[in-house]
Amino acid sequence: MSNKYPLLTSPIKIGNVIFRNRMFSAPMGATDITPDCVPGPRTQGFYELRAKGGAASVTVSELVVHPETDGSHMLHINLQTVGCLAAHTFVADSLKRHGSVPSIELSHSGQYAGTYMSDKDKKQSLNQWGPSDTVRPDGRPVKGLSKEQIADIVKSYGESAALCKRAGYEMIMLHAGHGWLLNQFLSPAQNFRTDEYGGTLENRVRIVREVLQSIRAAVGANFPIEIRISGSELFEGGYTIEDGCKIAQMVEDLVDLIHVSVGSYQYGFFDTTLPMFEPHGRNVQYAAEIKKHVKKPVACIGGLSDPEQMEQILREGKADVIYMGRQLLADPFLPNKIAAGEEDMVVKCLRCYTCMAERPTTFTRRCAVNPMVGREIEGMEVVPAYHKKKVLVVGAGVAGLKAAVTAAQRGHEVILCEKSDKVGGILKSEQAIPFKHEMYELGLSLEKQAIAEGVKIRLNTMVTPEYVETVKPDALIVAVGSTPIVPPLPGIDGKNVVVVNNYYLEKEKVGDTVVVLGGGLAGCECAVHLGQEGKKVHLVEMRDTLAPDCNIRNRPILMRNVDKYAEKHMQCAGLRVTEEGLVCKNAAGEEELIKADTIICAVGQRSNRADADALHTAAPFVREIGDCLRPANITKAVYEGYHAALDI
């Protein structure tokens with residue numbers, strides 16, 4: 001068969017190991033670490049699904065090598081804890097049996113010990129160790145490590161690596177980036193030592209070389225060792241890409257793969273893990289620059305999801321390996337789909353931070369578009385139904401599409417009805433906002449999956465109880481969605497008003513000065529988009545908080561962009577629309593005219609309860625899902641659609 005992506009799907013030899021393709025799964029934290037810091041069964045499933053999906057290597061993250069100075073609640077490996085080595089062996093085995101190379105990330109948090117602990121009060125009781133006595137930007141004191149402690153940490157890296165090899169891991173990744181301990185030594189902004197571990201770049205690299213030598217002595221020659229570095233720290237006082245190139249050159253003789261990321265935890269979390277507002281692959285430039293200065297293979301990472309872009313990176317010689325993190329949560333089977341020529345079936349990461357927001361909240365994992373994430377041990381495949389049934393799904397938004405696809409995968413006869421002329425529901429409105437285009441593409445991907453699974457899609461079809469009677473389904477899934485709320489303000493039906501859901505249809509109507517009425521998630525994102533297009537934007541919200549419906553990881557970066565692109569009017573209620581703009585009652589209780597060419601109405605959604613209630617008893621099995629129950633988000637819609645189909 002023809003192959004559109006010959007480089008992306010080609011093998012690569014690193015050390016003495018052959019990797020089946022160039023698509024590697026980046027380290028992402030586990031899901032059910034026990035009180036003894038041992039990987040639980042959900043952790044095994046969490047990593048295994050990406051191996052099953054075709055990733056050439058899956059990196060388990062993060063293994064703490066020196067608990068005495070790093071109290072973070074992350075994975076450990078030792079012979080003292082009952083079941084510890086066995087648990088890691090099961091994890092490594094679960095990756096190998098699918099043809100993936102099991103790798104594990106060795107790490108020390110340094111001054112950020114406790115970052116991943118759910119109990120933040122306990123986190124405050126930990127000692128924070130770093131290269132030097134200092135104070136963190138958040139006010140926490142940091143103790144400088146003694147030479148004896150450094151020697152013990154270096155030794156512990158080797159001991160941990162030996163145990164990892166014994167457990168069956170076939171590559172070691174040394175984490176020396178993102179502001180963790182080894183990066184703290186590399187950073188002139190955090191390393192103030194005056195001995196052989198501080199001062200010149202050669203001295204600051206010393207501990208990294210000692211650690212790599214310790215690991216090599218433990219695992220032997222030709223066993224693949226990968227180092228993950230920040231190509232640049234990207235903050236004032238940190239090291240630059242020029243320094244990053246020198247660091248890579250200074251450790252190249254001790255490693256087999258140089259993995260280039262960027263940024264630092266405290267100063268640039270969103271530089272390391274790119275939000276939707278940043279271009280895909282923005283950080284590849286740092287890997288490309290380092291590759292010019294070294295001979296060993298180089299890996300890149302940074303919001304990559306498009307196979308054409310990834311192939312181009314390899315074709316242009318910017319990197320030898322493509323790492324993906326969140327994208328392989330969204331669609332673990334991306335590598336297999338690309339190899340099979342099914343790239344149009346790939347579900348792309350929305351870069352919405354749902355996965356990362358769940359981590360500090362409940363210490364689990366969740367993905368907006370993949371309901372299996374964190375729950376892989378409950379089933380990595382959709383199991384065929386014992387009794388095949390006729391299923392009618394009403395509404396082809398994301399909830400209905402996911403339900404239809406899943407029901408068809410189970411072998412049911414599925415009919416999907418949509419009252420409009422296109423599927424996608426509210427996702428259709430995202431096509432006009434570039435940084436939300438993946439949400440629009442989600443609808444397209446699910447539609448293609450539905451067609452491939454044999455779902456009968458009937459457009460322009462309004463489902464009534466009478467219609468259900470003609471179809472006679474065994475099961476009815478009601479996903480009739482929601483309708484935009486349009487407040488009864490005088491002038492709201494004027495020609496200068498656009499409902500946010502219809503923006504993609506009426507974009508040309510929007511003038512140079514815009515009032516966005518409504519500061520929820522949709523309103524804030526629309527305001528940012530319009531500001532990026534060069535328009536003068538006023539964001540009007542009657543509450544004192546913007547986007548309370550946004551998750552805790554995404555909201556800070558969204559607010560930063562709102563501040564950049566819009567003028568905020570808080571505790572400001574719309575009174576009427578005029579040809580000149582929006583008249584409001586401001587926080588002082590006074591009427592105020594905010595002049596604008598166009599008003600974007602984004603005050604929220606209302607469930608289509610009348611449509612849902614009419615079908616409540618129309619079939620033997622009826623399940624309501626998505627916005628018709630309560631307007632929420634893609635995560636809720638996908639999960640409810642998936643599980644409704646499993647229940648039939």
Side-chain angles (χ1 to χ4, degrees), residues 26-29 61-62 64 69-70 72 74 105-116 123 126 128-145 173-193 197-198 201 204-205 207-208 211 227-248 250-251 258-275 277-278 282-287 289-290 299-303 323 325-326 353 356 359-360 553 556-557 560:
M28 289 177 285
S61 170
E62 296 179 47
V64 171
T69 54
D70 186 359
S72 296
M74 296 184 285
E105 179 184 42
L106 304 188
S107 181
H108 192 302
S109 307
Q111 64 176 335
Y112 296 117
T115 296
Y116 295 123
K123 167 186 169 180
L126 298 175
Q128 313 293 321
W129 297 94
S132 313
D133 289 340
T134 186
V135 177
R136 288 190 341 196
D138 61 0
R140 289 282 297 159
V142 178
K143 297 181 179 181
L145 291 164
M173 176 190 285
L174 175 63
H175 195 355
H178 298 173
W180 296 152
L181 181 66
L182 297 183
N183 178 250
Q184 292 161 27
F185 271 88
L186 295 173
S187 176
Q190 301 179 66
N191 184 347
F192 312 114
R193 300 179 74 100
Y197 291 102
L201 182 59
R204 285 184 275 126
V205 173
I207 187 174
V208 181
V211 166
I227 186 168
R228 190 182 210 192
I229 64 171
S230 292
S232 173
E233 291 191 280
L234 298 183
F235 66 86
E236 187 175 352
Y239 68 75
T240 64
I241 182 58
E242 290 76 20
D243 298 317
C245 292
K246 293 175 183 176
I247 291 168
M250 294 168 75
V251 301
I258 301 170
H259 176 154
V260 182
S261 184
V262 297
S264 180
Y265 171 78
Q266 184 73 41
Y267 299 93
F269 170 80
F270 298 110
D271 290 319
T272 300
T273 311
L274 293 175
F277 307 104
E278 295 289 341
R282 189 201 71 180
N283 294 339
V284 173
Q285 59 182 310
Y286 299 96
E289 185 60 30
I290 285 177
C300 68
I301 193 169
Y323 262 102
R326 292 171 291 169
Y353 291 121
M356 304 188 78
R359 179 91 162 142
R553 287 296 194 197
I557 190 67
R560 193 166 76 183

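All heavy atoms count here, side chains included; hydrogens, waters and symmetry mates do not.
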For Trp129 versus Gly144, what's the shortest heavy-atom pair and its separation? CZ3-O, 3.8 Å

Between Asp271 and Arg282, is there a side-chain heavy-atom distance shorter than 4.5 Å? yes

Does any part of the side chain of Val211, heavy atoms only, come nearer than 4.5 Å to the side chain of Phe185, both counted from C-beta? no

Please examine the side chains of Asp70 and Leu181, heavy atoms only from C-beta on, and report whether any two atoms are closer than 4.5 Å. no

Reported OG1-to-OH distance for the pair Thr240 and Tyr286, which is rounded to 0.5 angstrom: 10.0 Å

Could you check whether any side-chain heavy atom of Asn183 comes within less than 4.5 Å of a side-chain heavy atom of Glu233, counting everything from C-beta outward? yes

Is the backbone N or O of Thr273 less than 3.5 Å from a side-chain atom of Tyr353, with the two atoms forming a donor-acceptor pair by type? yes

Which pair of heavy atoms, one from Arg204 and one from Ser187, lies closest together, and at what distance? NH1-C, 4.2 Å

Indicate whether the side chain of Ser61 and that of Glu105 have a donor and an acceptor atom separated by less than 3.5 Å. yes

Quick check: do Ser132 and Asn191 have side-chain heavy atoms less than 4.5 Å from each other? yes

Could you state the interatomic distance from CD1 (Ile247) to CD1 (Ile227), rounded to the nearest 0.5 Å? 8.5 Å

Which pair of heavy atoms, one from Trp180 and one from Ser109, lies closest together, and at what distance? CE3-O, 3.7 Å

Validation row: Leu174, Val251 side chains within 4.5 angstrom (heavy atoms): no

Is the closest basic N to carboxylate O distance between Arg136 and Asp138 below 4.0 Å? yes

Spacing of CZ belonging to Phe270 relative to CD1 belonging to Ile557, to within rounding of 0.5 Å: 5.5 Å

For Tyr323, all residues meeting ring pair (Phe, Tyr, Trp, His ring centres under 6.0 Å), sequence neighbours excluded: Phe24, His259

Polar side-chain atom of Thr272 near backbone of Val262 as donor-acceptor pair, under 3.5 Å: yes

Indicate the atoms forming the closest heavy-atom contact of Gly231 with Tyr239, along with that distance. O-CE1, 3.7 Å

Closest contact, heavy atoms only, Met28 versus Gly325: CE-O, 3.2 Å

Mind checking whether Gln190 and Thr134 have side chains closer than 4.5 Å, heavy atoms only? no

For His178, all residues meeting ring pair (Phe, Tyr, Trp, His ring centres under 6.0 Å), sequence neighbours excluded: His175

Considering all heavy atoms of both residues, which atom of Ser107 and which atom of Glu62 are nearest to each other, and what is their separation? OG-OE1, 2.6 Å

Determine whether Leu201 and Met250 satisfy the following criterion, side chain to side chain contact (heavy atoms under 4.5 Å, CB included), listing intermediate values before the conclusion. CA-CA 10 Å; Leu201 182 59; Met250 294 168 75; 4.1 Å; yes

Kindly indicate whether the side chain of Cys300, heavy atoms from C-beta on, has any atom under 4.5 Å from the side chain of Asn283. no

Find the distance between CD (Glu242) and CD1 (Ile290) and round it off to the nearest 0.5 Å. 10.5 Å

May I ask you to decide if Gln111's main-chain N or O and Gln184's side chain share a donor-acceptor pair within less than 3.5 Å? yes

When you measure from the side chain of Arg193 to the backbone N and O of Pro131, does any donor-acceptor pair fall under 3.5 Å? yes

